[in-house]
Participant: 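Here you go, one structure.
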2 protein chains.
Amino acid sequence: MPKRSNMGPPWWHGRFQGRGYRITVPREAILDVLNRTSKHLSAEDIYLEVHKIYPHIGLTTIYRTLELLVHIGLVFKFDFGDGRARFELSEGPKGIRHHHHLVCTNCGRVIDYTDFIDDEIELLGRTEKGLSKKFNFKITNHLIQFYGLCDGCRDKK
Amino acid sequence: MPKRSNMGPPWWHGRFQGRGYRITVPREAILDVLNRTSKHLSAEDIYLEVHKIYPHIGLTTIYRTLELLVHIGLVFKFDFGDGRARFELSEGPKGIRHHHHLVCTNCGRVIDYTDFIDDEIELLGRTEKGLSKKFNFKITNHLIQFYGLCDGCRDKK
DNA sequence: AATATTAATGAAAACCATTTTCAATAAACT
DNA sequence: AGTTTATTGAAAATGGTTTTCATTAATATT
(Lines give C-alpha, C1' and ligand atoms only; values in the text may rest on other atoms or scores of the structure.)
Protein backbone atom coordinates (compact mmCIF):
# COMPACT_ATOMS: atom_id res chain seq x y z
CA MET A 1 0.00 0.00 0.00
CA PRO A 2 1.79 3.07 -1.24
CA LYS A 3 1.64 5.50 1.62
CA ARG A 4 2.01 9.09 0.67
CA SER A 5 0.88 10.38 4.05
CA ASN A 6 1.21 14.10 4.29
CA MET A 7 4.69 15.21 3.49
CA GLY A 8 4.19 16.32 -0.08
CA PRO A 9 4.95 14.41 -3.21
CA PRO A 10 7.36 11.48 -2.98
CA TRP A 11 10.99 12.23 -3.63
CA TRP A 12 11.05 10.51 -6.98
CA HIS A 13 8.42 12.69 -8.68
CA GLY A 14 11.07 15.12 -9.79
CA ARG A 15 12.78 12.41 -11.73
CA PHE A 16 9.72 11.91 -13.90
CA GLN A 17 8.32 15.31 -14.45
CA GLY A 18 10.17 17.59 -16.78
CA ARG A 19 11.40 14.66 -18.82
CA GLY A 20 8.04 13.83 -20.31
CA TYR A 21 7.48 10.80 -18.09
CA ARG A 22 4.21 10.45 -16.27
CA ILE A 23 3.57 9.48 -12.71
CA THR A 24 1.22 6.52 -12.72
CA VAL A 25 -0.21 4.04 -10.28
CA PRO A 26 1.90 1.12 -11.51
CA ARG A 27 5.08 3.17 -11.30
CA GLU A 28 4.37 4.32 -7.79
CA ALA A 29 3.44 0.79 -6.75
CA ILE A 30 6.67 -0.65 -8.13
CA LEU A 31 8.84 2.01 -6.54
CA ASP A 32 7.00 1.42 -3.31
CA VAL A 33 7.78 -2.28 -3.36
CA LEU A 34 11.43 -1.62 -4.10
CA ASN A 35 11.54 0.99 -1.40
CA ARG A 36 10.22 -1.37 1.24
CA THR A 37 12.56 -4.26 0.71
CA SER A 38 16.24 -4.92 1.03
CA LYS A 39 16.03 -8.09 -0.99
CA HIS A 40 17.13 -8.62 -4.58
CA LEU A 41 13.83 -8.92 -6.39
CA SER A 42 13.28 -10.33 -9.86
CA ALA A 43 10.69 -8.82 -12.18
CA GLU A 44 8.33 -11.60 -11.25
CA ASP A 45 8.92 -11.13 -7.53
CA ILE A 46 7.93 -7.50 -7.96
CA TYR A 47 4.95 -8.47 -10.06
CA LEU A 48 3.67 -10.83 -7.38
CA GLU A 49 4.12 -8.21 -4.71
CA VAL A 50 2.40 -5.48 -6.71
CA HIS A 51 -0.30 -7.94 -7.71
CA LYS A 52 -1.44 -8.30 -4.09
CA ILE A 53 -2.63 -4.72 -4.10
CA TYR A 54 -3.22 -4.00 -7.78
CA PRO A 55 -4.26 -7.28 -9.40
CA HIS A 56 -4.82 -5.62 -12.74
CA ILE A 57 -1.20 -4.57 -13.24
CA GLY A 58 0.49 -6.93 -15.66
CA LEU A 59 3.98 -8.36 -15.83
CA THR A 60 4.64 -6.44 -19.03
CA THR A 61 4.21 -3.18 -17.18
CA ILE A 62 6.62 -4.35 -14.51
CA TYR A 63 9.27 -4.96 -17.15
CA ARG A 64 8.61 -1.70 -18.90
CA THR A 65 8.69 0.28 -15.72
CA LEU A 66 11.86 -1.36 -14.49
CA GLU A 67 13.52 -0.57 -17.78
CA LEU A 68 12.53 3.06 -17.37
CA LEU A 69 13.67 3.20 -13.76
CA VAL A 70 17.02 1.72 -14.68
CA HIS A 71 17.29 4.18 -17.52
CA ILE A 72 16.73 7.22 -15.35
CA GLY A 73 19.07 5.83 -12.73
CA LEU A 74 16.56 5.17 -9.97
CA VAL A 75 17.05 1.42 -10.03
CA PHE A 76 20.05 -0.82 -10.51
CA LYS A 77 19.85 -4.09 -12.39
CA PHE A 78 21.95 -7.03 -11.26
CA ASP A 79 22.83 -10.34 -12.76
CA PHE A 80 23.70 -13.14 -10.39
CA GLY A 81 23.97 -15.74 -13.08
CA ASP A 82 20.71 -17.61 -12.57
CA GLY A 83 19.07 -16.41 -15.75
CA ARG A 84 16.87 -13.73 -14.31
CA ALA A 85 17.70 -10.13 -13.55
CA ARG A 86 17.39 -8.66 -10.06
CA PHE A 87 16.54 -5.11 -9.18
CA GLU A 88 17.32 -2.78 -6.31
CA LEU A 89 16.77 0.88 -5.68
CA SER A 90 20.07 2.40 -6.65
CA GLU A 91 21.92 4.36 -4.05
CA GLY A 92 25.22 5.97 -4.78
CA PRO A 93 28.31 4.85 -2.87
CA LYS A 94 27.40 7.17 -0.03
CA GLY A 95 23.87 5.88 0.30
CA ILE A 96 23.05 4.30 3.63
CA ARG A 97 22.07 1.04 2.05
CA HIS A 98 24.88 0.87 -0.45
CA HIS A 99 26.45 -2.56 -0.45
CA HIS A 100 28.23 -5.08 -2.60
CA HIS A 101 27.66 -8.76 -3.21
CA LEU A 102 29.30 -12.06 -2.50
CA VAL A 103 27.94 -14.67 -4.91
CA CYS A 104 28.29 -18.40 -4.35
CA THR A 105 28.98 -20.00 -7.70
CA ASN A 106 27.77 -23.36 -6.45
CA CYS A 107 24.41 -22.75 -4.82
CA GLY A 108 23.71 -19.24 -6.04
CA ARG A 109 23.44 -17.71 -2.58
CA VAL A 110 24.02 -13.99 -2.49
CA ILE A 111 25.36 -12.23 0.58
CA ASP A 112 25.28 -8.46 0.90
CA TYR A 113 28.18 -6.88 2.67
CA THR A 114 28.91 -3.36 3.71
CA ASP A 115 32.29 -4.01 5.30
CA PHE A 116 35.34 -2.34 3.85
CA ILE A 117 33.02 -0.01 2.02
CA ASP A 118 34.91 3.02 3.31
CA ASP A 119 38.18 1.86 1.85
CA GLU A 120 36.44 0.95 -1.35
CA ILE A 121 34.79 4.31 -1.63
CA GLU A 122 38.09 6.03 -1.35
CA LEU A 123 39.64 3.90 -4.07
CA LEU A 124 36.56 4.04 -6.25
CA GLY A 125 36.50 7.78 -5.96
CA ARG A 126 40.02 8.00 -7.29
CA THR A 127 39.44 5.38 -9.93
CA GLU A 128 36.24 6.97 -11.13
CA LYS A 129 37.89 10.32 -11.41
CA GLY A 130 40.80 8.90 -13.36
CA LEU A 131 38.72 6.77 -15.69
CA SER A 132 36.23 9.49 -16.21
CA LYS A 133 39.01 11.80 -17.33
CA LYS A 134 40.97 9.31 -19.40
CA PHE A 135 38.04 7.96 -21.37
CA ASN A 136 35.77 11.00 -21.16
CA PHE A 137 33.26 8.67 -19.61
CA LYS A 138 30.54 9.97 -17.31
CA ILE A 139 30.38 7.36 -14.57
CA THR A 140 27.08 7.03 -12.79
CA ASN A 141 27.38 3.76 -10.97
CA HIS A 142 29.55 0.78 -10.30
CA LEU A 143 29.24 -2.90 -9.59
CA ILE A 144 31.50 -4.95 -7.38
CA GLN A 145 30.90 -8.62 -6.83
CA PHE A 146 33.03 -11.37 -5.42
CA TYR A 147 32.54 -14.94 -6.55
CA GLY A 148 33.41 -18.12 -4.76
CA LEU A 149 32.09 -20.85 -2.53
CA CYS A 150 29.98 -20.04 0.46
CA ASP A 151 30.23 -21.48 3.93
CA GLY A 152 27.88 -24.34 3.14
CA CYS A 153 29.43 -25.24 -0.20
CA ARG A 154 33.18 -24.93 0.30
CA ASP A 155 33.60 -28.25 2.08
CA LYS A 156 31.24 -30.30 -0.01
CA LYS A 157 33.47 -30.11 -3.04
CA MET B 1 43.88 -23.92 -35.79
CA PRO B 2 44.74 -25.33 -32.41
CA LYS B 3 48.48 -25.39 -32.32
CA ARG B 4 49.96 -27.77 -29.84
CA SER B 5 53.43 -27.63 -31.35
CA ASN B 6 55.96 -29.50 -29.27
CA MET B 7 55.91 -28.28 -25.73
CA GLY B 8 53.91 -31.04 -24.15
CA PRO B 9 50.24 -31.03 -23.29
CA PRO B 10 48.50 -27.67 -22.98
CA TRP B 11 48.41 -26.15 -19.53
CA TRP B 12 44.72 -26.79 -19.05
CA HIS B 13 44.86 -30.57 -19.31
CA GLY B 14 45.46 -30.91 -15.62
CA ARG B 15 42.18 -29.18 -14.91
CA PHE B 16 40.25 -31.89 -16.69
CA GLN B 17 42.02 -35.07 -15.86
CA GLY B 18 41.55 -36.41 -12.38
CA ARG B 19 38.12 -34.87 -12.13
CA GLY B 20 36.53 -37.28 -14.56
CA TYR B 21 36.33 -34.73 -17.37
CA ARG B 22 37.60 -35.74 -20.77
CA ILE B 23 39.80 -33.81 -23.12
CA THR B 24 37.98 -33.56 -26.42
CA VAL B 25 38.35 -31.81 -29.73
CA PRO B 26 35.51 -29.34 -29.11
CA ARG B 27 36.90 -28.43 -25.71
CA GLU B 28 40.36 -27.81 -27.04
CA ALA B 29 38.97 -25.81 -29.93
CA ILE B 30 36.92 -23.59 -27.64
CA LEU B 31 39.77 -22.98 -25.24
CA ASP B 32 41.95 -22.22 -28.21
CA VAL B 33 39.55 -19.56 -29.48
CA LEU B 34 39.32 -17.99 -26.05
CA ASN B 35 43.07 -18.12 -25.70
CA ARG B 36 43.65 -16.27 -28.94
CA THR B 37 41.36 -13.32 -28.41
CA SER B 38 41.12 -10.43 -26.05
CA LYS B 39 37.55 -9.69 -27.03
CA HIS B 40 34.42 -10.44 -25.07
CA LEU B 41 32.90 -13.28 -27.03
CA SER B 42 29.34 -14.52 -26.82
CA ALA B 43 28.54 -18.20 -27.14
CA GLU B 44 27.56 -17.62 -30.72
CA ASP B 45 30.76 -15.69 -31.49
CA ILE B 46 32.71 -18.66 -30.23
CA TYR B 47 30.52 -21.03 -32.20
CA LEU B 48 31.14 -19.14 -35.42
CA GLU B 49 34.87 -19.08 -34.79
CA VAL B 50 35.06 -22.77 -33.95
CA HIS B 51 32.80 -23.53 -36.88
CA LYS B 52 35.41 -22.27 -39.34
CA ILE B 53 37.68 -25.14 -38.45
CA TYR B 54 35.29 -27.75 -37.10
CA PRO B 55 31.99 -27.26 -38.92
CA HIS B 56 30.44 -30.26 -37.24
CA ILE B 57 30.65 -28.82 -33.72
CA GLY B 58 27.26 -27.54 -32.66
CA LEU B 59 26.15 -24.56 -30.63
CA THR B 60 24.86 -26.87 -27.92
CA THR B 61 28.35 -28.14 -27.31
CA ILE B 62 29.63 -24.60 -27.08
CA TYR B 63 27.13 -23.84 -24.34
CA ARG B 64 27.84 -27.05 -22.49
CA THR B 65 31.57 -26.59 -22.69
CA LEU B 66 31.41 -22.99 -21.54
CA GLU B 67 29.31 -24.03 -18.60
CA LEU B 68 31.94 -26.59 -17.67
CA LEU B 69 34.81 -24.17 -18.13
CA VAL B 70 33.10 -21.61 -15.94
CA HIS B 71 32.43 -24.30 -13.37
CA ILE B 72 36.03 -25.36 -13.11
CA GLY B 73 37.16 -21.76 -13.04
CA LEU B 74 38.93 -21.61 -16.38
CA VAL B 75 36.52 -19.11 -17.88
CA PHE B 76 34.66 -16.11 -16.53
CA LYS B 77 31.15 -15.24 -17.59
CA PHE B 78 30.12 -11.61 -17.92
CA ASP B 79 26.84 -9.86 -18.35
CA PHE B 80 26.90 -6.48 -20.03
CA GLY B 81 23.16 -6.12 -20.08
CA ASP B 82 22.46 -6.83 -23.73
CA GLY B 83 20.81 -10.17 -23.16
CA ARG B 84 23.67 -12.43 -24.06
CA ALA B 85 26.49 -13.64 -21.88
CA ARG B 86 30.14 -12.98 -22.73
CA PHE B 87 33.08 -15.18 -21.93
CA GLU B 88 36.76 -14.62 -21.27
CA LEU B 89 39.55 -16.82 -20.05
CA SER B 90 39.70 -16.05 -16.39
CA GLU B 91 42.91 -14.71 -15.04
CA GLY B 92 43.31 -13.85 -11.39
CA PRO B 93 44.03 -10.25 -10.38
CA LYS B 94 47.71 -10.82 -11.02
CA GLY B 95 47.20 -12.16 -14.52
CA ILE B 96 48.81 -10.14 -17.26
CA ARG B 97 45.51 -9.64 -19.04
CA HIS B 98 43.45 -8.95 -15.97
CA HIS B 99 41.23 -5.95 -16.50
CA HIS B 100 37.93 -4.40 -15.58
CA HIS B 101 35.13 -2.91 -17.61
CA LEU B 102 33.54 0.41 -18.32
CA VAL B 103 30.05 -0.15 -19.71
CA CYS B 104 28.10 2.52 -21.55
CA THR B 105 24.48 2.22 -20.49
CA ASN B 106 23.34 4.01 -23.60
CA CYS B 107 25.05 2.31 -26.53
CA GLY B 108 26.37 -0.78 -24.81
CA ARG B 109 30.00 -0.11 -25.62
CA VAL B 110 32.44 -1.86 -23.33
CA ILE B 111 35.88 -0.48 -22.64
CA ASP B 112 38.54 -2.56 -20.93
CA TYR B 113 40.85 -0.74 -18.61
CA THR B 114 43.88 -1.81 -16.68
CA ASP B 115 44.63 1.53 -15.06
CA PHE B 116 44.54 1.78 -11.32
CA ILE B 117 44.71 -1.97 -11.19
CA ASP B 118 47.58 -1.87 -8.74
CA ASP B 119 45.65 0.15 -6.23
CA GLU B 120 42.67 -2.05 -6.74
CA ILE B 121 44.65 -5.18 -6.20
CA GLU B 122 45.88 -3.92 -2.92
CA LEU B 123 42.40 -3.06 -1.72
CA LEU B 124 40.87 -6.19 -3.15
CA GLY B 125 43.47 -8.27 -1.42
CA ARG B 126 42.52 -6.80 1.93
CA THR B 127 38.82 -6.96 1.21
CA GLU B 128 38.97 -10.53 0.03
CA LYS B 129 40.86 -11.59 3.10
CA GLY B 130 38.41 -9.86 5.38
CA LEU B 131 35.29 -11.12 3.65
CA SER B 132 36.68 -14.57 3.30
CA LYS B 133 37.26 -14.70 7.04
CA LYS B 134 34.03 -13.05 8.13
CA PHE B 135 31.71 -15.12 5.96
CA ASN B 136 33.87 -18.22 5.63
CA PHE B 137 33.62 -17.68 1.92
CA LYS B 138 36.27 -19.02 -0.42
CA ILE B 139 36.69 -16.24 -2.94
CA THR B 140 37.92 -17.27 -6.35
CA ASN B 141 37.19 -14.26 -8.48
CA HIS B 142 35.75 -10.79 -8.58
CA LEU B 143 33.95 -8.50 -10.94
CA ILE B 144 34.31 -4.75 -11.12
CA GLN B 145 32.38 -2.72 -13.63
CA PHE B 146 31.65 0.96 -13.95
CA TYR B 147 28.52 2.15 -15.67
CA GLY B 148 27.84 5.44 -17.32
CA LEU B 149 27.83 7.30 -20.59
CA CYS B 150 30.72 6.97 -23.00
CA ASP B 151 32.45 9.69 -24.92
CA GLY B 152 30.05 9.45 -27.84
CA CYS B 153 26.88 9.29 -25.77
CA ARG B 154 27.38 11.76 -22.95
CA ASP B 155 26.59 14.85 -24.99
CA LYS B 156 23.74 13.47 -27.00
CA LYS B 157 21.48 13.26 -23.98
C1' DA C 1 45.41 -54.01 -29.57
C1' DA C 2 40.60 -55.10 -28.84
C1' DT C 3 36.76 -54.42 -25.79
C1' DA C 4 33.99 -52.34 -22.26
C1' DT C 5 32.45 -48.33 -19.92
C1' DT C 6 30.48 -44.10 -19.70
C1' DA C 7 31.23 -39.13 -20.61
C1' DA C 8 30.49 -36.14 -24.48
C1' DT C 9 28.22 -34.80 -28.68
C1' DG C 10 24.73 -33.14 -32.29
C1' DA C 11 20.13 -32.13 -33.93
C1' DA C 12 15.81 -30.95 -32.78
C1' DA C 13 12.63 -29.61 -29.55
C1' DA C 14 11.57 -27.38 -25.36
C1' DC C 15 12.15 -23.65 -22.13
C1' DC C 16 11.37 -19.33 -20.23
C1' DA C 17 12.69 -14.60 -19.21
C1' DT C 18 11.98 -10.66 -21.72
C1' DT C 19 10.16 -7.86 -25.65
C1' DT C 20 6.90 -6.48 -29.14
C1' DT C 21 2.35 -5.52 -31.01
C1' DC C 22 -1.77 -3.05 -30.94
C1' DA C 23 -6.02 -1.41 -29.41
C1' DA C 24 -7.75 0.70 -25.14
C1' DT C 25 -6.87 3.80 -21.19
C1' DA C 26 -5.60 7.66 -18.49
C1' DA C 27 -2.02 11.44 -17.17
C1' DA C 28 -1.04 16.19 -18.00
C1' DC C 29 -1.78 20.32 -20.66
C1' DT C 30 -5.03 23.85 -22.69
C1' DA D 1 -14.32 19.41 -20.09
C1' DG D 2 -11.56 18.40 -24.17
C1' DT D 3 -7.25 17.23 -26.47
C1' DT D 4 -2.91 15.17 -26.82
C1' DT D 5 0.00 11.52 -26.32
C1' DA D 6 2.40 8.56 -22.91
C1' DT D 7 1.12 4.35 -20.66
C1' DT D 8 -1.09 0.06 -20.03
C1' DG D 9 -2.75 -4.95 -20.53
C1' DA D 10 -3.26 -9.24 -23.01
C1' DA D 11 -1.53 -12.07 -26.22
C1' DA D 12 1.86 -13.33 -29.31
C1' DA D 13 6.55 -13.27 -30.65
C1' DT D 14 11.47 -13.36 -29.73
C1' DG D 15 15.77 -15.32 -28.88
C1' DG D 16 19.36 -16.88 -25.87
C1' DT D 17 19.97 -21.00 -23.41
C1' DT D 18 18.75 -25.71 -21.82
C1' DT D 19 16.90 -30.37 -22.31
C1' DT D 20 16.13 -34.75 -24.60
C1' DC D 21 17.77 -38.80 -26.56
C1' DA D 22 20.07 -41.66 -29.66
C1' DT D 23 24.86 -41.78 -31.35
C1' DT D 24 29.84 -41.21 -30.95
C1' DA D 25 34.28 -41.29 -28.96
C1' DA D 26 37.65 -40.77 -24.87
C1' DT D 27 39.49 -43.42 -21.24
C1' DA D 28 39.79 -47.63 -18.55
C1' DT D 29 40.01 -52.60 -18.68
C1' DT D 30 41.19 -56.93 -20.42
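Order of the sequence lines fixes the chain letters, A, B, ..., with proteins taken first and strands second; residue numbering starts at 1 for each chain. This is a predicted model, so every value here is computed, not measured. Basis for what follows: all heavy atoms, side chains included, without hydrogens, waters or symmetry-related copies.
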Participant: Round to the nearest Å and state the distance from A/Phe16 atom CZ to C/dA26 atom P.
Facilitator: 19 Å
Participant: Taking ring pair (Phe, Tyr, Trp, His ring centres under 6.0 Å) as the test, write out the residues that go with B/Phe137, two or more places apart.
Facilitator: none
Participant: Would you say A/His56 reaches D/dG9's phosphate, i.e. side-chain N/O to OP1/OP2 under 4.0 Å?
Facilitator: yes
Participant: Generate the contact string for nucleotides 19-30 of chain D. Rules: B means base contact, S means sugar-phosphate contact only, - means no protein heavy atom under 4.0 Å.
Facilitator: BB----BBS---
Participant: State, to the nearest 10°, the angle formed by the axis through the first five base pairs of the helix from C/dA1-D/dT30 to C/dT30-D/dA1 and the axis through its last five.
Facilitator: 50°
Participant: In whole Å, what is the span from the CG atom of B/Leu66 to the P atom of D/dG16?
Facilitator: 15 Å
Participant: Whole-Å distance between C/dA11 P and B/Ile62 CD1?
Facilitator: 12 Å
Participant: Run the ring pair (Phe, Tyr, Trp, His ring centres under 6.0 Å) test against B/Phe80 and tell me which residues pass, sequence neighbours left out.
Facilitator: B/His40, B/Phe78, B/His101
Participant: Can you pull out every salt bridge (Lys or Arg N to Asp or Glu O under 4.0 Å) where at least one residue sits in residues 66-80 of chain B? Sequence neighbours excluded, please.
Facilitator: none
Participant: May I ask you to check whether B/Glu44 and B/His51 show a side-chain donor-acceptor distance below 3.5 Å?
Facilitator: no
Participant: Toward the 5' end of DNA chain C, which comes first, B/Gly58 or B/Gly20, by nearest nucleotide?
Facilitator: B/Gly20
Participant: With sequence neighbours excluded, tell me which residues meet side chain to side chain contact (heavy atoms under 4.5 Å, CB included) with A/Thr61.
Facilitator: A/Pro26, A/Ile57, A/Arg64, A/Thr65
Participant: Tell me the interatomic distance from B/Leu59, atom CG, to C/dA8, atom P, rounded to whole angstroms.
Facilitator: 18 Å
Participant: For B/Lys39, what residues pass the side chain to side chain contact (heavy atoms under 4.5 Å, CB included) criterion, not counting sequence neighbours?
Facilitator: B/Thr37, B/Leu41
Participant: For A/Ser42, give me all partners under side chain to side chain donor-acceptor pair (under 3.5 Å), at least two apart in sequence or on another chain.
Facilitator: A/Asp45
Participant: Grab the CZ-C1' distance between A/Phe87 and C/dT18 for me, whole Å please.
Facilitator: 10 Å
Participant: Specify the separation, in whole Å, of atom CG of A/Leu41 and atom C1' of C/dA17.
Facilitator: 16 Å
Participant: Within the pair A/Tyr63 and C/dT18, is there a side-chain N or O less than 4.0 Å away from OP1 or OP2?
Facilitator: yes
Participant: Choose from C/dT18, D/dT17, D/dT8 the nucleotide whose nearest atom is closest to any side-chain atom of A/Arg27.
Facilitator: D/dT8
Participant: Rounded to whole Å, how long is the line connecting atom CD of A/Glu28 with atom C1' of C/dA27?
Facilitator: 12 Å
Participant: Using atom CZ of A/Arg86 as one end and atom C1' of C/dA17 as the other, report the distance to the nearest whole Å.
Facilitator: 12 Å
Participant: Which sits closer to the 5' end of DNA chain D, A/Leu68 or A/Pro55, going by the nucleotide each is nearest to?
Facilitator: A/Leu68
Participant: Dump the intermediate steps for side chain to side chain contact (heavy atoms under 4.5 Å, CB included) on B/Arg109 and B/Asp151, then the final yes or no.
Facilitator: CA-CA 10 Å; B/Arg109 184 149 77 106; B/Asp151 188 38; 4.1 Å; yes
Participant: Who passes side chain to side chain contact (heavy atoms under 4.5 Å, CB included) against A/Thr114, sequence neighbours left out?
Facilitator: A/His99, A/Ile117
Participant: Should B/Ile46 and B/Leu89 be counted in the same cluster of Ile, Leu, Val, Met, Phe, Trp and Tyr side chains packed under 4.5 Å apart?
Facilitator: yes
Participant: Between protein and nucleic acid, restricted to nucleotides 13-15 of chain D and to nitrogen or oxygen atoms under 3.5 Å apart, what atom pairs and distances do you find?
Facilitator:
none

Participant: List, by chain and then residue number, the residues other than A/Leu123 in its hydrophobic cluster (Ile/Leu/Val/Met/Phe/Trp/Tyr, side-chain heavy atoms under 4.5 Å); write none if there are no others.
Facilitator: B/Leu123
Participant: Can you name the side chain to side chain contact (heavy atoms under 4.5 Å, CB included) partners of B/Phe16, sequence neighbours left out?
Facilitator: B/Trp12, B/Tyr21, B/Ile23, B/Arg27, B/Leu31, B/Leu68, B/Leu69, B/Ile72, B/Leu74
